[in-house]
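Numbers here are sequence positions counted from 1. What you see is a predicted model, and the numbers here were worked out from it, not measured in a lab.
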Amino acid sequence: VQLQASGGGLVQAGGSLTLSCAASGGTFSSYVVGWFRQAPGREREFVASVTWSFGSTYYADSVKGRFSISRDIAKGTVFLQMNSLKPEDTATYYCAADTTTAQGLGVMPFPYNGVDYWGKGTLVTVSS
């Protein structure tokens, strides 16, 4: 399984950005795909997740109402739409896949040793 994240960049506070995670090399019907982020000097943290088959979602409290996760099964891609961005959203964003539930991925304890697959990160910088 390969996960390829893209879409990061520089955006002003209050702006929007959409990240993409292209998944390949496996059958994802039993997987949940999620986004995590890691800011400089901080631990990696969960952001959002979506189940591949049913589209069930789960969000970290810090992004509820601002971020939206979705998937396009035909394209094999998971999207993270980020609105009303804040400087504290600045981080490297990673996509991940695991055979659990959307909430299961969200409550998995750091350092997330149970996650099956990680993609390389994409950097998001929000300027104030």
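The two residues Gly26 and Val1 come nearest to each other via the heavy atoms CA-CG2, 4.3 Å. Between Cys21 and Val33 the shortest heavy-atom distance is SG-CG1, 4.4 Å. In plain terms, the two heavy atoms of Val32 and Ser49 that are nearest each other are CG2-CB, 3.9 Å. Contact between Ser128 and Pro87 at its shortest, heavy atoms only, is CB-CG, 3.8 Å. Scanning both residues, Ala96 and Val115, for their nearest heavy atoms gives CB-CG1, 3.7 Å. Across Phe110 and Arg44, no two heavy atoms sit closer than the pair CD1-O, 3.6 Å.
With hydrogens and angles disregarded, a donor-acceptor distance shorter than 3.5 Å links the side chain of Asp98 to the backbone of Asp116. Proximity of a side-chain donor or acceptor of Tyr112 to a complementary backbone N or O of Phe36 within less than 3.5 Å is not detected. At least one donor-acceptor pair closer than 3.5 Å links the side chain of Tyr59 to the backbone N or O of Ile69. Side chain of Arg71 to backbone of Ser53: a donor-acceptor contact under 3.5 angstrom is found. In terms of modelled atom types and a separation under 3.5 Å, the side chain of Thr18 and the main chain of Gln81 share no donor-acceptor contact. Between the side chain of Ser56 and the backbone N or O of Ala102 there is no donor-acceptor pair closer than 3.5 Å.
Other residues, nucleotides and ligands contribute more than 12 heavy atoms inside 6.0 Å of the CD atom of Gln38.
Cluster annotation: Val78 is connected to Tyr93 through the hydrophobic network of ILVMFWY side chains, with a link wherever side-chain heavy atoms come within less than 4.5 Å. Val47 and Leu105 are members of different hydrophobic clusters when ILVMFWY side chains are connected at heavy-atom separations under 4.5 Å. Linking ILVMFWY residues whenever their side-chain heavy atoms come closer than 4.5 Å, directly or via other members, places Ile73 and Phe28 in the same cluster. Side-chain heavy atoms closer than 4.5 Å link hydrophobic residues (I, L, V, M, F, W, Y) into clusters, and following such links, even through other members, never connects Trp52 to Trp118. Follow the hydrophobic side-chain contacts under 4.5 Å out from Val11 and you reach Trp35 in the same cluster.
For the pair Val107 and Tyr58, the minimum side-chain heavy-atom distance is below 4.5 Å. Two residues are said to be in side-chain contact when any heavy atoms from C-beta on lie closer than 4.5 Å; Met108 and Phe46 fail this criterion. The shortest distance between side-chain heavy atoms of Arg37 and Ser62 falls below 4.5 Å. A 4.5 Å side-chain heavy-atom check between Leu19 and Phe67 finds every atom pair outside the cut-off. Residues Tyr94 and Leu3 are not in side-chain contact: their nearest non-hydrogen atoms beyond the backbone lie 4.5 Å or more apart.
Between Ser20 atom OG and Leu80 atom CG the span is 9.5 Å, to the nearest 0.5 Å. Note that NZ of Lys120 is 13.5 Å distant from OG1 of Thr92, once rounded to the nearest 0.5 Å.
Classification of the Tyr117-Tyr31 ring pair by plane angle, with boundaries at 30° and 60°, yields tilted.
Between Lys86 and Asp89 there is no salt bridge, since no side-chain N of the basic residue sits under 4.0 Å from a carboxylate O of the acidic one.
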